[in-house]
Amino acid sequence: DTVPPQVVPGADPSARQLCFAWGPAEVLVCETLFGRAGESRSRAGTAARALTGSVAGAGEGAPSSSRVYVVRRDQDIYIQTLRKLFNESHAIFMGLQRSEEELAGKSRKAQLVQVSKNYRSVIRACMEDMHQAAVSTRDPALQGQYSTQVSILSAMELIWNLCEILFVEAATAGPLLLRLLDWVRLHVCDVDSMVREVLSSESPSKHKLFWNVVDVFVLQGRMDEARHLLSKEASANPTSMNMYKILDDLMKKMPVPSLGNTQTLTELELKWQHWHEECQRYLQDGTFASNPHMESICKILLGDEDAILEKKELMTTWYHFLVTRLLYSHPTVKPMELRFYAQSSMDLFLGGESSPEPLDMILMAAFEFEMHQVIKECSIVLSNWWFVAHLTDLLDHCKLLQSHNLYFGSNMREFLLLEYASGLFSHHSLWQLGVDYFDHCPEYGRVYLELHIERIPLSTERKALKVLRICEQRQMHEQVRSICKIMAMKALRNNRLGSALSWSIRAKDAAFATLISDRFLKDYCERGCFSDLDLIDNLGPSMLLSDRLTFLGKYREFHRLYGEKRFPEAARLLLTLMTAHIAPCSFWMTLLTDALPLLEQKEVIFSAEQTYELMRCLEDLTAGNPDKQKFQDDDVETTKVEMLRLALARNLARVIVKEGTMEGS
Amino acid sequence: QVSVINTVDTSHEDMIHDAQMDYYGTRLATCSSDRSVKIFDVRNGGQILIADLRGHEGPVWQVAWAHPMYGNILASCSYDRKVIIWKEENGTWEKTYEYTGHDSSVNSVCWAPHDYGLILACGSSDGAISLLSYTGDGQWEVKKISNAHTIGCNAVSWAPAVVPGSLIEQPSGQKPNYIKRFASGGCDNLVKIWKEEDGQWKEEQKLEAHSDWVRDVAWAPSIGLPTSTIASCSQDGRVFIWTCDDASGSSWSPKLLHKFNDVVWHVSWSITANILAVSGGDNKVTLWKESVDGLWACISDVNKGQGGVSAVTEGQQNEQ
């Protein structure tokens, strides 16, 4: 037997096959029919199909489905009310990772128990929110969803609590029972409303459910409350006063483990034995014979299984039965003995009428101290990895997983954390939590982060910067470069040249920088001015990223110098741009044209030597130009060249005179 | 559990052959026997048709998104022997390049890792594999491997980019020395691995295990281990996982994932390569995961599977 497949609603499995594609978070499924046209080896009818464009399928010629299903695996992260769970548990997780490992023994254990309790209180808080949501919504479907979530959270807390008692705190015989009693009292709530009803009635002892409530208290070991109720009954029924006094006394004297070290286990066992025998005597003497209720209570005190089992409906679960049994038959139970009592309790309680459910199996595995089994079963049953990831991490910190000789060992922790964190990445804001989890996965955390962080949509510049910061902090250079390139491309497509340029500088992408510089220069040629002056003016050393970029920066500098009327400097720069071949040949004409105003100035700016250089440049340009034909045909170009030659000649004349007559300029 | 969060009604007039999400899961491209390629914006559960691209003259078999750093670029290949590269410019999608160098249906297209530049591998029924590289300014350079597979090539898949040797950051502007590789599957029942040497593509390995046409190959993403992994599936119903342990890429060993009862058409890896999806002729998609002890487990029912539950080896069923 194989695992049943997913059923995609609407898809008809008989006529179609399913095509599948991975998305970064979601997956795509669509109906198709595989088979290439024209192949003799493919299914009969494929060729016909390809030619006519219709589908043979089941022979009906039914139209093919044109739907693509976008399917998501983990919906839980999108539930608003669970947001608190993810955020707050993240804080606890981080605290745990950074916590003092040097603390040893008791203080470390106390610390870990506190962490466990913190996780549980987050679960409870979430449960409360979810419950509120369920109560306040009018939509029955939503209400159903919320209620389901509440039960799931409740089950998680139940399991976690038991794990805390057995594994984290590792309660020993004595305290173990007390903890289990607390656990049961906290989690078996079905009887709460009944209890409230009876207690709040005018005359509780007359209430028809009175004895049920007394029984509940006894079963849960709440002796004081049981005795209090019984006293009301006694005062209402003086005839049973005698019986009552004895029962009350027995209940008062019952030896229970204590949390302080006031007695040893042996002392407790001894006392308990005596007390047990005393109860036995009273029962056998028929002391309670006339009051079946009290008699049954006495039997319970004696740990009589049948008597306890009779109160099945008041206990509601086999683990309640287990703890009650232990309380009244073996209060000094040792952790390793639990498994036997647990198995028999479940068997007796279910009695062959019903079979254990997944939750039962998980709890059983815990009682058997099969930690790995607990984790495995939880992984199967729960719809997302949150629970197992955090619990396993905690158990790992308790150094419990390494002692198990299984191939998973401490890799189990990382495996689960990776799965959990990966799931977070498909969420538009929870992904940030995922980053921290990956950071604490020493083997594969980094590479998983690299693969996932690239897929975060960079919908806004702010988001891109956030992602970048994360990558930069972790020296993920490839990802930094990739993101900057993507942002540069986006900016370029939207014609934001300045933004594109700064992104490509950040990406150290010379080729792109060249491309954008060319665009800037082209823009300048067309419009006569630069955009994004701030950026270009402040390029600094990044100007050297690409030759074209350097030219852009320097060219802009030329314009600035000219604007500041620092003509000799401007002139020098202009010349250098050509002679040092910083400027691309295609731009020389523009540069020479830029030289014109300098040549036309009243004052002579270019020296003789410089003028000769300029002339040479001009000749180089016009002579070696493959577009010579174009030059000659284009009137504007020829005119320009003529003007330049004239201006250069005139300048030369003036400068020769000037340099000849003055002693030095 | 899985839930359908969006049902995109593509309005294709005929069978859809491929559907692919873009890098971020914001756009969906589909292609169909109706000769069109459509692009949808699927953010937030929506479905807005962005483009309906016409240009092919036959059923379109596959689409592939290029890395976003090159802009919004999509490649498609078709029975009409053409490979078309579409690009979004100024908000509209247009054909930016058309390659007609194949003599027969082009079955598969796959973009190389972005580190290599913008390079597209195309596999065709004429047995050849062509590699189209963008050289700038709207120009594409073509390299062809003729007779890569006799009878025809059905699938191509690139190896992830791995820089051999040191992992120090390269100085800006300098391209690291990548060794480019890709895998192909063909009608000669073979999976072949190709390597670029001195600008030429050479057949590096021949992987033989299938007894019928290889329908798809998928090279798994790298998670930093020195091993390489390839999945291949075939007309013979088998899916093999090939692994190569050493960095030199010389010894590949196959492991049978499963033998299905029908042709297996597609295999694809999840982003972190931990799950393999297999689409078969038996009308199902199964998801497979490798457990720590090296056995592959089927986890297609998410309720029952995650965490390496029952290992399914050849011929055996649920073994705990």
Side-chain angles (χ1 to χ4, degrees), chain A residues 1-6 8-9 13 16-26 28-34 36-38 41 50 53 55 64 66-73 75 376 379-380 383 407-408 411 419 422 444 447-448 451-452 455-457 477 482 485-486 489 493 508 510 545, chain B residues 1-12 14-21 23-26 28 30 33-34 42 59 68-71 79 105 107 114 169 172-173 213 221 223-224 265-266 268 270-272 277 279 281 283-286 292-293 298 300-302 304-307 309 317:
Chain A
D1 64 305
T2 48
V3 182
Q6 301 293 358
V8 175
R16 314 268 184 262
Q17 289 149 349
L18 287 178
C19 183
F20 183 95
W22 291 99
E26 291 82 15
L28 299 175
V29 179
C30 68
E31 298 176 336
T32 187
L33 214 45
F34 296 112
R36 298 286 185 252
R41 304 279 299 273
V55 178
S64 51
S66 60
R67 277 177 272 147
V68 175
Y69 301 96
V70 182
V71 172
R72 185 185 282 152
R73 298 241 309 267
Q75 277 284 70
K376 181 164 148 178
S379 305
I380 298 169
S383 60
Y407 18 76
F408 273 107
N411 283 336
E419 293 283 345
S422 299
Y444 296 111
V447 66
Y448 265 64
L451 290 169
H452 276 105
R455 301 295 186 130
I456 296 173
H477 304 295
S482 170
K485 282 188 183 180
I486 293 169
M489 177 59 83
R493 275 208 315 272
K508 301 205 185 82
L545 179 61
Chain B
Q1 303 100 337
V2 298
S3 15
V4 176
I5 56 163
N6 199 354
T7 303
V8 179
D9 195 340
T10 62
S11 305
H12 272 299
D14 205 331
M15 191 66 68
I16 298 175
H17 292 288
D18 198 12
Q20 295 288 336
M21 286 283 213
Y23 217 62
Y24 302 117
T26 49
L28 169 67
T30 59
S33 271
D34 71 0
V42 290
M69 73 166 65
Y70 297 108
Y79 176 69
S105 170
N107 301 318
H114 66 84
E169 184 188 350
S172 68
W213 292 11
I223 45 165
W265 292 93
H266 275 312
S268 61
S270 61
I271 303 179
T272 43
S279 311
N283 304 344
K284 289 197 297 198
V285 173
T286 42
V292 178
D293 51 358
C298 180
S300 78
D301 180 349
V302 176
K304 288 203 180 200
Q306 291 176 338
V309 187
Q317 302 298 339

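Computed from a prediction, not measured in an experiment: that's the story for all the values here. Order of the sequence lines fixes the chain letters, A, B, ..., with proteins taken first and strands second; residue numbering starts at 1 for each chain.
Side-chain contact check for B:Met21 versus A:Pro24: some heavy-atom pair is nearer than 4.5 Å.
Side-chain atoms of A:Trp22 do not come within 3.5 Å of backbone N or O of B:Ile271 as any donor-acceptor pair. Under a 3.5 Å cut-off, the side chain of B:Thr10 and the backbone N or O of A:Ser66 do form a donor-acceptor pair.
When each of B:Gly25, B:Ser270, B:Ala19 is scored by its heavy-atom pairs under 4.5 Å with chain A, the top score falls to B:Ser270. Of all the listed residues (B:Leu28, B:Asp18, B:Val42, B:Thr30), the one sharing the greatest number of non-hydrogen pairs under 4.5 Å with chain A is B:Leu28.
Contact annotation for A:Val447: only side-chain heavy atoms (C-beta onward) come within less than 4.5 Å of a heavy atom of chain B.
To the nearest 0.5 angstrom, B:His17 atom NE2 is 9.0 Å from B:Asp34 atom CG.
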